[in-house]
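The structure appears below as structure tokens.
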Amino acid sequence: MENNNITVLVKPTHRCNLNCKYCYEKEPREFYGDKLMPPEYIDKLLEVLKKGYSKVQLTWHGGEPLLAGEEWYDEVYKYINKHNSKKFEIKCSMQSNGYLYEKYKEMIKKYNINYSVSFDFLDDNCNRTISNNKSKLEENIFNNNIGTISVVNDSSKLIDTYNVLKEKYDNNIKAGGISFNVIFENKEFENKDILNKYIENWKQYLNYVFYDKDNKEFEERISIDFFKIVLGYKSVLCNHKECMKTFLCLDVDGWIYHCDRFWKPIFKFVNINEINYPTEIFTSENYKKMLSNHLDIKFKCSLECPVYDFCNSGCIADRNFKDDGTMSLNKNQCVINKELLIHCFNLVKNLSCEDVDKINPVIYKLIFDKGYLPLSECNNIEVIKDL
């Protein structure tokens with residue numbers, strides 16, 4: 001195989017105990033109903049992957065993965081322990097909504113699961129159907145090193161949310177990291193005024209982060225990643241780097257897709273019960289079709305887009321999926337990524353030496369480590385030619 005490592009999203013169930021208004025899982029949830037993945041599918045998955053990889057990252061996903069129940073995980077981890085070795089290292093993480101953490105926290109610790117939640121700090125009561133243990137969940141996030149993805153639906157609250165969380169960090173309460181996801185698919189964005197206002201609010205937020213000179217160690221991953229990208233660092237997030245052949249999804253019925261958004265039958269590659277080697281995934285007709293489609297999109301972007309080297313044509317999972325099994329660029333994703341990346345690039349480019357001590361220390365360190373010299377200072381350098 002071309003890579004020694006692979007990440008597989010595993011969806012034990014599509015069921016969920018919440019009904020978040022922005023969730024993209026509603027359609028597959030209705031399609032699959034209460035179906036639960038047979039634990040032996042994990043045994044077969046690992047048997048196949050160990051023939052081509054030395055490391056695998058399993059991410060329990062959903063739906064709400066904890067609804068699979070403790071007995072399911074007990075069975076699954078028998079298979080994981082059976083296959084895990086120095087030559088085939090298996091690590092596990094989980095993306096959860098967090099509301100069952102109290103019930104399953106001992107199981108999470110027992111199996112050393114890197115646990116993350118989706119939790120909307122200021123708007124969780126509005127975006128979800130239950131909120132009776134919101135304060136307890138927030139307490140768990142900050143006391144148990146739980147990483148968090150927050151979908152800030154109201155972009156006017158980005159700065160307020162940032163400040164609330166930064167204060168908790170400054171009070172020495174450590175969590176596993178905070179990430180404010182950018183929304184690309186929103187029907188309201190058909191109104192250009194709403195889309196432009198969303199972008200403008202994100203720009204104001206990025207300005208605020210850039211000039212947050214009193215910040216200590218707090219990092220919100222998405223904003224910092226934007227600055228890392230324009231400074232030439234490799235993105236730590238999958239939406240700005242190549243994921244084909246390094247990322248897969250095992251769905252509840254055993255079918256393998258590229259990632260969790262590709263659940264419709266027209267996008268499936270192979271069934272885990274019908275293959276013996278990972279090469280059978282990547283030589284399947286639908287995989288070759290998707291890869292070719294993906295490369296065509298990347299090539300077109302590389303010719304036309306001024307931020308292609310930063311954006312890498314965006315996240316595959318956020319593209320528009322067609323009924324013939326192909327995909328096209330999400331126009332909102334293009335507009336938002338282009339605007340925000342150029343904005344961050346200009347913030348760094350136009351920074352003067354006099355203003356260096358006015359910026360966020362986290363971003364200052366990124367700039368310093370790259371040996372970056374502001375454009376204003378480059379103009380002052382005298383170039384001497386050998387005569």
Side-chain angles (χ1 to χ4, degrees), residues 1-13 37-98 100-101 104-118 140-141 144-149 174-179 219 221 225 234-252 254 256-260 272 277-278 281-282 317:
M1 303 301 294
E2 295 178 9
N3 303 287
N4 291 325
N5 305 344
I6 191 164
T7 297
V8 183
L9 290 176
V10 181
K11 302 176 90 68
T13 178
M37 177 186 291
E40 54 268 25
Y41 285 9
I42 304 301
D43 185 28
K44 183 61 186 294
L45 173 72
L46 297 174
E47 189 64 49
V48 169
L49 293 180
K50 73 193 303 183
K51 296 174 182 176
Y53 298 93
S54 58
K55 293 182 179 179
V56 59
Q57 172 75 45
L58 299 180
T59 300
W60 310 119
H61 211 272
E64 170 48 52
L66 287 176
L67 287 175
E70 190 162 356
E71 289 185 8
W72 189 88
Y73 285 99
D74 287 342
E75 286 298 311
V76 160
Y77 274 88
K78 290 178 183 177
Y79 297 125
I80 290 174
N81 293 333
K82 165 187 164 184
H83 291 286
N84 197 16
S85 68
K86 290 183 179 179
K87 293 184 178 180
F88 185 62
E89 183 181 354
I90 305 168
K91 292 186 177 180
C92 298
S93 60
M94 179 179 289
Q95 187 63 44
S96 166
N97 62 43
L100 294 173
Y101 177 77
Y104 291 108
K105 63 182 179 182
E106 294 306 318
M107 182 198 78
I108 291 168
K109 293 176 183 177
K110 178 173 69 172
Y111 292 127
N112 194 29
I113 298 172
N114 186 3
Y115 185 74
S116 298
V117 303
S118 172
N140 280 325
I141 287 171
N144 292 283
N145 201 38
I146 295 175
T148 309
I149 294 174
K174 299 299 182 183
I178 305 295
S179 176
E219 296 185 27
R221 285 190 296 261
D225 201 56
K234 289 184 177 180
S235 174
V236 298
L237 303 173
C238 64
N239 56 342
H240 290 299
K241 60 185 179 183
E242 187 55 69
C243 59
M244 294 295 286
K245 296 193 176 181
T246 66
F247 211 84
L248 293 171
C249 175
L250 179 67
D251 216 328
V252 64
I256 295 176
Y257 298 83
H258 175 61
C259 70
D260 61 318
I272 192 61
Y277 297 93
I281 301 170
F282 305 118

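Just so it is clear, the structure is predicted and the values come from calculations on it, not from any experiment. Only this structure's heavy atoms are used, side chains among them; waters, hydrogens and symmetry mates stay out.
- A salt bridge is defined here as a Lys NZ or Arg NE, NH1 or NH2 lying under 4.0 Å from an Asp or Glu carboxylate O, and Lys44 with Glu47 fails to meet this definition.
- Screening Leu9, Ile42, Leu58 against Leu250 for a side-chain contact (heavy atoms from CB on, under 4.5 Å) leaves a single residue, Ile42.
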inquiry  = Tyr101 vs Ile146, test: side-chain contact (heavy atoms from CB on, under 4.5 Å). Steps then yes/no.
reply    = CA-CA 10 Å; Tyr101 177 77; Ile146 295 175; 3.9 Å; yes

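- Around the NZ atom of Lys50, the shell of radius 6.0 Å holds more than 12 heavy atoms that belong to other residues, nucleotides or ligands.
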Full working for side-chain contact (heavy atoms from CB on, under 4.5 Å) between Asp43 and Lys78 = CA-CA 9 Å; Asp43 185 28; Lys78 290 178 183 177; over 6 Å; no

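- Side-chain N/O atoms of Asn145 and Tyr115 include no donor and acceptor closer than 3.5 Å.
- Test Leu49, Ile256, Thr59 against Val8 for side-chain contact (heavy atoms from CB on, under 4.5 Å) and you get one pass: Leu49.
- Between the side chain of Asn4 and the backbone N or O of Ser54 there is no donor-acceptor pair closer than 3.5 Å.
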ask   = Is there a side-chain contact (heavy atoms from CB on, under 4.5 Å) between Met37 and Val76 once you walk through the steps?
value = CA-CA 10 Å; Met37 177 186 291; Val76 160; over 6 Å; no

query = Would Ile90 and Tyr79 satisfy side-chain contact (heavy atoms from CB on, under 4.5 Å), going step by step from the backbone distance to the final call?
reply = CA-CA 11 Å; Ile90 305 168; Tyr79 297 125; over 6 Å; no

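- Between the side chain of Glu64 and the backbone N or O of Leu66 there is at least one donor-acceptor pair closer than 3.5 Å.
- Inter-residue side-chain proximity for Gln95 and Ile149 is flagged as met; some heavy-atom pair is nearer than 4.5 Å.
- The backbone N or O of Ile80 sits nowhere less than 3.5 Å from a side-chain atom of Asn84 that would complete a donor-acceptor pair.
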